[in-house]
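Here the structure comes first, spelled out in structure tokens, and everything after it is commentary.
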Amino acid sequence: MLATPQIMGVLNVTPDSFSDGGQLLSESGVDVDRLLMRAANMVTDGAAILDIGGESTRPGAAPVSTQQELDRVMTAVSLLAPRLDVILSVDTSNPQVMREAAREGAGLLNDVRAFSRPGALDAALEAQLPMSLMHMSDEPDRMQEVTQYCDVVNDVKAFLGERVAACIDAGIDRSQMLIDPGFGFGKTVAQNYDMLRRLGELASFELPILVGVSRKSMIGAITGRPASERVVPSAVLAVLAVARGASIVRVHDVAETADALAVWRATRGEV
Ligand code: 8Y7
């Protein structure tokens, strides 16, 4: 586990992500001034990692071509890598995007499909970067119909174990790997909360745990609030995730999460 929990700020260069889509991308492409401003603010607010995504994984989101995804992601990576002292994560399942981003200075590969696409393991092997293996039950369009688990935590652990093994078989070093139970990716509300309650059971992998719960529908289901009004409960869940072993929390609201983690650390005498 990393010494202190790290905040990963979400930077979507997509037209259609569920809570911040279209803010940094218009018809004419990536808005570089806004992107740089947003990214720099997140770093000032306490993000150690920025997660750049060029393809929405929201169910029903428009598929993007490799060229479109490359244009979006590479514009962001080449703009931010030389300017900000932060780890740039690329949220992609596309091996070509992984390769080019690594070449331009990306520092983490975040694949919600856990490097299952043809060529993805080879790209990760070449890149030699930290990589996040996330659980998702099926492709985004079908995942919410695939929520039949024997025991959600044990089944997610079995899946992650298989992906870790696949990475090792491909020649990738275990020290590069992070695991993520994939909150909201093919899980009912109850299963998501079960997973968070029992997050500590993932400690048996002895790998850093990444958690993304920020503004997700599991919060909307409890509070009845739209995505933009889920900031406080998102920060609460981020603290709980860290308290249960998460090393990295992926969030939209960096300053609020940093404050919440700071007061939580103070209660532990870690000021
Ligand atoms: C996660 C994620 C998203 C997550 C990791 C959203 C790209 C959906 N969620 N990556 N990506 N973990 N590793 O609500 O939970 O932001 S997209």
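Atoms within a ligand are numbered from 1 in the order they appear, just like the ligands themselves.
Across the listed options Met134, Arg215, Lys216, His252, Lys216 owns the non-hydrogen atom lying nearest to atom 15 (O) of ligand 1.
Side-chain N or O atoms of Thr147 include none that pairs as donor or acceptor with a backbone N or O of Lys187 at under 3.5 Å.
Between Glu139 and Arg142, none of the side-chain N atoms (NZ, or NE/NH1/NH2) sits under 4.0 Å from a carboxylate O, so this pair counts as no salt bridge. A salt bridge links Asp253 with Arg215: the distance from a Lys NZ or Arg NE/NH1/NH2 to an Asp or Glu carboxylate oxygen falls below 4.0 Å.
The ligand atoms of ligand 1 that sit less than 4.0 angstrom from a heavy atom of Gly212 are 15 (O). Atoms of ligand 1 found under 4.0 Å from any heavy atom of Thr57, numbered from 1 in the order shown, are 17 (S). Set against the non-hydrogen atoms of Asp91, the atoms of ligand 1 under 4.0 Å away are 7 (C). For ligand 1, the atoms sitting less than 4.0 Å from at least one non-hydrogen atom of Val112 are 2 (C), 7 (C), 10 (N), 11 (N), numbered in the order shown with element in parentheses.
Applying the salt bridge (Lys or Arg N to Asp or Glu O under 4.0 Å) definition to pairs two or more places apart or across chains, those involving residues 82-106 are Arg99-Glu126.
Regarding atom 14 (O) of ligand 1, its nearest protein heavy-atom neighbour is Phe18 CE2, 2.8 Å.
Taking hydrophobic clusters as Ile, Leu, Val, Met, Phe, Trp and Tyr residues chained together by side-chain heavy-atom distances below 4.5 Å, Leu160 shares a cluster with Phe183.
Partners of Phe159 according to the ring-ring contact (aromatic ring centres under 6.0 Å, His included) rule, which considers only residues two or more places apart in sequence or in another chain, are His135.
A pairwise comparison of heavy atoms in Asp45 and Ala258 identifies O-CB, 3.5 Å as the closest pair.
At most 12 non-hydrogen atoms from other residues, nucleotides or ligands lie less than 6.0 angstrom from CZ of Arg225.
Using a non-hydrogen distance threshold of 4.0 Å, Ser132 registers as a contact of ligand 1. Using a 4.0 Å cutoff on heavy atoms, Val10 does not count as a contact of ligand 1.
At least one N/O-N/O distance between Asp180 and ligand 1 falls below 3.5 Å. In terms of N/O distances under 3.5 Å, ligand 1 is approached by Asn110. Considering backbone and side-chain N/O atoms, Arg250 comes within less than 3.5 Å of an N/O atom of ligand 1.
Contacts between Leu210 and ligand 1 below 4.0 angstrom, taking non-hydrogen atoms only, involve the side chain exclusively.
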